[in-house]
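Let me begin by presenting the structure, written as structure tokens, before commenting on it.
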Amino acid sequence: SFGILMILCQLIHRWHDDLVFYLLFFVATAVNSLIPDYLYRGLEEMTAITVRTVLIKLFFTMMIFLVLKKPEQVWIVPTLNIIGNTAALIGVWLHLKRKYGITFCSVTGKDVAGVTKRSSKFFYSRIATTAYTAANTIIIDLLSAGGSTVGFYTSADKLITTGKSAMSPVADSLYPYMVKNRDFKLIKKVLLIAEPVIILGCLIVFIFAEPLCVWFFGAEYGPVAPILRVMLPILVLILPSYILGFPTLTAMGLSKHANYSVIFGSCIHVIN
């Protein structure tokens, strides 16, 4: 990943100028990748993840308001990410050691190969989603003459991502429960309760999109409103996608279909 980033930063002039900025975000991502959220999902101990996430987001948000004063200080954002992710990493591993006695241990090449083979379909589906999501910003950046277009898109996408992050814990919590209990009535109940609330929320945001964008991002971000309105249906579809995907299909012994559906959707997106 580091090698690909360096090549892109050399090939794309605009990226080369912001090399340090990209490197800081790369470090933050690398640290975040070591946080074992999957372990807590498997143990059905979501409290530890929830507390950690809320505390990090709270710290991050407060520090942005306190520290970031000028546009040229944008490097502070990934730096705060590094600090928050590192603190979370240390806290989580200490918690695992004290409560569960889980620590690092040596493994063989055969162990690594076996896990890689078993999890490859999950990896490809995740990387497909990440690739096409990241590709949106990259393609818009390359096609647009200035940075405002990218800024408008990423601002709208940030609000959509915030909505997604509120739904993700629901699917994360259901996954281990469904694998163990196969309670399909619960899936129906969750969707019947949550979807009307989500649709109502999207309608409110659709109506007040422009003042919301101005309030969140500033007066010059009024043009973000039409982009946000077009993207709102994603939030209506995302919870069924999350819940009917891995939690439901894995419980039915059809996890490969969940993986294939993500890869198929990613291919359609990239072709479009």
Side-chain angles (χ1 to χ4, degrees), residues 4-5 8-9 11-26 28-29 32 57 60-81 84 128-168 198-239 241-242 265-272:
I4 293 170
L5 177 62
L8 288 172
C9 286
L11 293 176
I12 303 172
H13 179 71
R14 210 179 314 171
W15 289 23
H16 182 71
D17 294 341
D18 295 321
L19 179 60
V20 175
F21 183 68
Y22 284 109
L23 286 175
L24 287 170
F25 260 117
F26 182 84
T29 304
N32 188 63
K57 297 294 183 185
F60 181 77
T61 305
M62 287 173 58
M63 292 305 293
I64 288 291
F65 281 104
L66 291 173
V67 180
L68 194 63
K69 303 296 182 184
K70 301 175 183 177
E72 55 268 24
Q73 292 178 312
V74 69
W75 59 270
I76 290 174
V77 176
T79 303
L80 290 173
N81 265 327
T129 304
T130 305
Y132 84 70
T133 305
N136 293 339
T137 307
I138 294 170
I139 293 169
I140 293 171
D141 185 40
L142 294 174
L143 292 177
S144 61
S148 61
T149 306
V150 180
F152 290 158
Y153 170 77
T154 53
S155 297
D157 186 56
K158 180 65 70 175
L159 293 176
I160 297 297
T161 302
T162 302
K164 285 182 181 180
S165 65
M167 300 176 206
S168 181
I198 293 169
I199 292 169
L200 178 61
C202 287
L203 287 173
I204 293 171
V205 173
F206 186 91
I207 295 168
F208 299 103
E210 189 166 346
L212 283 172
C213 289
V214 171
W215 184 61
F216 276 117
F217 304 116
E220 66 273 22
Y221 281 85
V224 173
I227 304 171
L228 177 61
R229 289 189 177 112
V230 171
M231 295 174 75
L232 282 172
I234 295 172
L235 292 181
V236 177
L237 296 172
I238 203 70
L239 187 64
S241 173
Y242 280 168
S266 300
C267 291
I268 294 296
H269 182 96
V270 172
I271 291 167
N272 288 336

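Keep in mind that this is a model prediction, so the values were computed, not measured. Sequential numbering from 1 along the given sequence is applied to the chain's residues.
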Exercise for review: Look up atom CZ in Phe25 and atom OG1 in Thr79, then write down how far apart they are to the nearest 0.5 Å.
Suggested key: 9.0 Å
Practice item. With rounding to the nearest 0.5 Å, note down the distance linking SG in Cys9 to CG in Asp17. Key: 10.0 Å
Check your understanding: What distance separates Leu19 CG from Leu24 CG, expressed to the nearest 0.5 Å?
Key -> 9.5 Å
Review point. Atom CE in Met62, atom CG in Leu80: separation rounded to 0.5 Å?
Key: 11.5 Å
Exercise for review: Kindly say whether Ile268 contributes a backbone atom to a donor-acceptor pair with the side chain of Asn272 at under 3.5 angstrom?
Suggested key: yes
Review point. Given Tyr22 and Phe26, is the ring-ring contact (aromatic ring centres under 6.0 Å, His included) satisfied, shown in steps?
Key: CA-CA 6 Å; Tyr22 284 109; Phe26 182 84; over 10 Å; no
Check your understanding: Per the side-chain contact (heavy atoms from CB on, under 4.5 Å) rule, which among Ile139, Ile140, Asn136 passes with Val150?
Key -> Ile140
Review point. Less than 4.5 Å apart, any side-chain heavy atom of Trp75 and any of Val20?
Key: no
Review point. For the residue pair Cys213 and Tyr221, what are the closest heavy atoms and their distance?
Key: CB-O, 3.7 Å
Revision key, fill the gap. Rounding to 0.5 Å, atoms OG (Ser155) and CD1 (Ile160) come to a distance of 12.0 Å
**Study point:** Inter-residue atom distance Leu66.CG - Lys69.NZ, 0.5 Å rounding
**Key:** 6.5 Å
**Study point:** Heavy-atom check, side chain of Phe217 versus side chain of Leu159, under 4.5 Å
**Key:** yes
**Study point:** Other residues, nucleotides, ligands: >12 heavy atoms within 6.0 Å of Ile4 CD1
**Key:** no
Only pairs under 3.5 Å count here: list side-chain donor-acceptor contacts from residues 225-239, not counting sequence neighbours, and write none if there are none.
unit_1: Arg229; atom_1: NE; unit_2: Phe206; atom_2: O; d: 2.7
unit_1: Arg229; atom_1: NH2; unit_2: Phe206; atom_2: O; d: 3.4

